[in-house]
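Working notes, structure below.
Bear in mind the structure is a predicted one, so any value in this text is a computation, not a measurement. Computed over heavy atoms, backbone and side chain alike; hydrogens, waters and symmetry mates excluded.
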Amino acid sequence: MTAPSFVIGIAGGTGAGKTAVAREVGETVGEAVSILPLDNYYQDHSHLPAEERDQVNYDHPSAFEWELLAEQIKTLLDGRPIEMPQYDFTVHNRTDERVRIEPTEILIVEGILSLFEERLRDLYDLCIYVQTDADVRILRRIRRDVIERDRTLESVMNQYLTTVKPMHERYVEPTREHADVIIPEGLNYSAVDLITKTIHTEMREQEPPISDAS
Ligand SMILES: Nc1ncnc2c1ncn2[C@@H]1O[C@H](COP(=O)(O)OP(=O)(O)O)[C@@H](O)[C@H]1O
Ligand SMILES: Nc1ccn([C@@H]2O[C@H](COP(=O)(O)O)[C@@H](O)[C@H]2O)c(=O)n1
């Protein structure tokens with residue numbers, strides 16, 4: 001049975017480069033890595049009309065379904081697969097689709113508040129915070145939200161000032177104190193190299209000892 005032997009939490013502000021780091025680590029190490037994006041665990045808001053979903057504070061801890069995430073991480077740690085929810089930012093809601101994730105040796109949980117909940121931190125073997133200046137992050141976010149998330153420049157600016165920035169200062173940034181490692185700027189190949197070496201060491205340690213041929 002395969003079950004994760006090493007769980008990594010990657011947090012940091014919006015646009016910091018968390019997804020880029022997690023994906024690069026995943027691509028470098030290969031199929032031994034599964035990634036759970038915290039974004040997929042935004043609460044299901046199907047009961048709200050579109051204009052109300054548009055107004056939700058998506059940067060407050062209450063925006064996430066922590067119970068489901070904790071339960072699914074534990075299921076993977078028990079060596080069983082999960083049906084991971086999927087999220088559509090263009091409509092501010094969960095989709096009907098689920099993606100099956102099989103347990104793998106390495107599990108990465110990445111998202112703005114991945115280091116927020118103590119019960120999740122207790123499951124992580126390595127806590128990482130991606131630290132990128134706020135001006136760089138908002139520039140990245142404007143480009144991404146307009147191109148990929150069907151937002152207007154006006155809406156990105158308004159959301160940033162009303163919820164994203166204050167919630168970042170109140171909830172996201174303080175979680176940096178839980179980090180074992182701080183990665184500057186986001187995708188940073190020295191940092192990715194360090195993480196992949198740590199993973200390979202961990203995977204070697206989990207290999208059964210070679211028995212003496214006799
Ligand atoms: N070190 C970096 N230099 C330049 N661009 C970067 C760097 N790291 C990430 N990016 C880019 O910034 C954007 C936001 O990164 P992403 O990983 O999606 O952020 P997050 O998941 O933290 O919101 C993406 O287009 C990504 O390719
Ligand atoms: N319907 C939603 C849900 C979330 N957001 C924003 O996403 C950000 C977190 O994702 P990152 O990939 O940027 O880490 C968060 O700051 C939310 O404001 C949204 O705009 N709409």
Side-chain angles (χ1 to χ4, degrees), residues 3-19 21-23 25-26 33-48 52-89 91-104 106-131 137 141 149 159 162-181:
S5 59
F6 200 67
V7 186
I8 304 175
I10 305 182
T14 180
K18 307 174 292 295
T19 310
V21 170
R23 284 191 185 151
V25 169
V33 174
S34 303
I35 300 174
L36 300 192
L38 180 61
D39 291 344
N40 284 337
Y41 295 84
Y42 271 114
Q43 302 272 6
D44 183 8
H45 282 137
S46 305
H47 57 290
L48 295 178
E52 280 186 40
R53 292 201 304 269
D54 191 37
Q55 297 305 313
V56 170
N57 179 348
Y58 291 105
D59 292 80
H60 190 276
S62 62
F64 297 94
E65 197 175 342
W66 297 108
E67 192 57 44
L68 178 64
L69 175 57
E71 183 194 303
Q72 293 206 330
I73 296 174
K74 285 180 189 157
T75 301
L76 289 169
L77 287 170
D78 283 346
R80 289 177 288 124
I82 59 163
E83 300 293 325
M84 179 168 66
Q86 300 293 294
Y87 195 75
D88 183 348
F89 287 92
V91 294
H92 304 284
N93 210 2
R94 209 174 266 181
T95 70
D96 293 334
E97 196 194 347
R98 295 283 179 280
V99 169
R100 191 180 180 86
I101 304 285
E102 298 289 341
T104 54
I106 311 295
L107 182 61
I108 300 178
V109 182
E110 69 88 8
I112 51 172
L113 287 165
S114 295
L115 300 185
F116 181 76
E117 286 251 322
E118 190 178 1
R119 65 177 147 166
L120 293 192
R121 292 198 305 272
D122 287 345
L123 302 174
Y124 302 155
D125 299 289
L126 181 68
C127 294
I128 296 176
Y129 189 90
V130 182
Q131 170 83 44
R137 292 191 293 101
R141 173 148 174 164
R149 296 187 179 177
Q159 186 189 11
T162 55
T163 53
V164 180
K165 183 173 187 285
M167 296 300 107
H168 175 83
E169 289 165 0
R170 188 160 167 197
Y171 295 111
V172 181
E173 222 270 337
T175 66
R176 194 177 54 170
E177 69 163 307
H178 302 298
D180 304 302
V181 177

Margin query: Quick check: closest heavy atoms across Pro4 and Pro103, and the distance to 0.1 Å?
Written below: CD-CB, 4.2 Å
Next item on the list: Rounded to the nearest 0.5 Å, what's the gap from OG1 on Thr175 to CD1 on Ile112? Could you check?
Entry: 9.5 Å
Note to self: So for atom CG, which belongs to Asp96, do other residues, nucleotides or ligands contribute more than 12 heavy atoms lying within a distance under 6.0 Å?
What the structure shows: no
Check: Excluding sequence neighbours, so at least two apart, what forms salt bridge (Lys or Arg N to Asp or Glu O under 4.0 Å) with Glu71?
Finding: none
Check: Are any of the side-chain heavy atoms of Met167 and Asn57 separated by less than 4.5 Å?
Finding: yes
Checklist line | Distance in Å, Asn40 CG paired with Glu97 CD, rounded so as to fall on 0.5 Å steps | finding: 9.5 Å
Notebook entry, point to check: Any side-chain heavy atom of Asp88 within less than 4.5 Å of one from Arg94?
Noted result: no
Checklist line | Full working for side-chain contact (heavy atoms from CB on, under 4.5 Å) between Arg141 and Gln159 | finding: CA-CA 11 Å; Arg141 173 148 174 164; Gln159 186 189 11; 3.1 Å; yes
Notebook entry, point to check: Who are the side chain to side chain contact (heavy atoms under 4.5 Å, CB included) partners of Asp39, not counting sequence neighbours?
Noted result: Tyr42, Phe89, Arg149
Checklist line | For Asp180, side-chain hydrogen bond (donor to acceptor under 3.5 Å, both in side chains) partners two or more places apart | finding: none
Item checked: Heavy-atom side-chain proximity of Tyr129 to Glu173 below 4.5 angstrom -> yes
Next item on the list: Give the intermediate values and the outcome of side-chain hydrogen bond (donor to acceptor under 3.5 Å, both in side chains) for residues Tyr41 and Gln72.
Entry: CA-CA 10 Å; Tyr41 295 84; Gln72 293 206 330; 2.6 Å; yes
Next item on the list: Applying salt bridge (Lys or Arg N to Asp or Glu O under 4.0 Å), name anything that partners Glu52, two or more places apart in sequence or on another chain.
Entry: none
Checklist line | Atom pair CG/CD of Leu48 and Gln43 - distance to nearest 0.5 Å | finding: 10.5 Å
Notebook entry, point to check: Can you list the residues that meet the salt bridge (Lys or Arg N to Asp or Glu O under 4.0 Å) rule with Arg137, with sequence neighbours excluded?
Noted result: none
Note to self: With a 4.0 Å cut-off on N to O distance, would you call Arg100 and Glu83 a salt bridge?
What the structure shows: yes
Next item on the list: Flag the pair Leu69 / Phe64 as yes when at least one side-chain heavy-atom distance between them is below 4.5 Å, and no otherwise.
Entry: no
Checklist line | Check: Leu120 and Trp66 side chains under 4.5 Å, non-hydrogen atoms | finding: yes
Item checked: Atom of Leu115, atom of Arg121 and distance for their closest heavy-atom approach -> O-NH1, 2.9 Å
Item checked: Within 6.0 angstrom of Arg53 CZ, more than 12 heavy atoms from elsewhere -> yes
Margin query: Quick check: do Leu107 and Phe6 have side-chain heavy atoms less than 4.5 Å from each other?
Written below: no
Checklist line | Residues forming a salt bridge (Lys or Arg N to Asp or Glu O under 4.0 Å) with Glu67, sequence neighbours excluded | finding: Arg119
Checklist line | Counterpart residues, side chain to side chain contact (heavy atoms under 4.5 Å, CB included), relative to Glu169 (two or more places apart) | finding: Lys165
Next item on the list: Quick one: pull up CG in Asp54 and NE2 in His92 and give me the separation to the nearest 0.5 Å.
Entry: 4.0 Å
Item checked: With Ser46 via side-chain hydrogen bond (donor to acceptor under 3.5 Å, both in side chains) - residues at least two apart -> Asp44, Asn93
Check: Does Thr19 reach the side chain of Val21, with side-chain heavy atoms less than 4.5 Å apart?
Finding: no
Next item on the list: List for me each residue that meets side chain to side chain contact (heavy atoms under 4.5 Å, CB included) alongside Gln55, sequence neighbours excluded, and say none if there are none.
Entry: none
Item checked: Check against side-chain contact (heavy atoms from CB on, under 4.5 Å), Thr75 and Leu77 -> CA-CA 5 Å; Thr75 301; Leu77 287 170; over 6 Å; no
Next item on the list: Could you tell me which residues satisfy side-chain hydrogen bond (donor to acceptor under 3.5 Å, both in side chains) with Thr104, sequence neighbours excluded, listed by chain and number?
Entry: Ser34
Next item on the list: Answer yes or no: is there a side-chain heavy-atom contact under 4.5 Å between Val99 and Ile82?
Entry: no
Note to self: Going by side chain to side chain contact (heavy atoms under 4.5 Å, CB included), name the residues that satisfy it together with Val33, two or more places apart in sequence or in a different chain.
What the structure shows: Val29, Ile35, Ile106, Ile108
Check: How many angstroms lie between CG in Leu38 and CD1 in Ile10, if you round to the nearest 0.5 Å?
Finding: 12.0 Å
Next item on the list: Take Met84 and Leu36, measure what side-chain contact (heavy atoms from CB on, under 4.5 Å) needs, and give me the verdict at the end.
Entry: CA-CA 8 Å; Met84 179 168 66; Leu36 300 192; 3.7 Å; yes
Item checked: By side-chain hydrogen bond (donor to acceptor under 3.5 Å, both in side chains) - contacts of Arg80 (at least two apart) -> Asp78
Item checked: Gln131/Arg176 under side-chain hydrogen bond (donor to acceptor under 3.5 Å, both in side chains): CA gap, chis, key distance, verdict -> CA-CA 9 Å; Gln131 170 83 44; Arg176 194 177 54 170; 2.8 Å; yes
Checklist line | Nearest non-hydrogen partners of Val109 and Ser114, listed with the distance | finding: O-OG, 3.6 Å
Notebook entry, point to check: Can you check side-chain contact (heavy atoms from CB on, under 4.5 Å) on Val56 and His45, steps first, answer last?
Noted result: CA-CA 10 Å; Val56 170; His45 282 137; 3.9 Å; yes
Check: Rounded to the nearest 0.5 Å, how far does NZ of Lys18 lie from OG1 of Thr14?
Finding: 5.5 Å
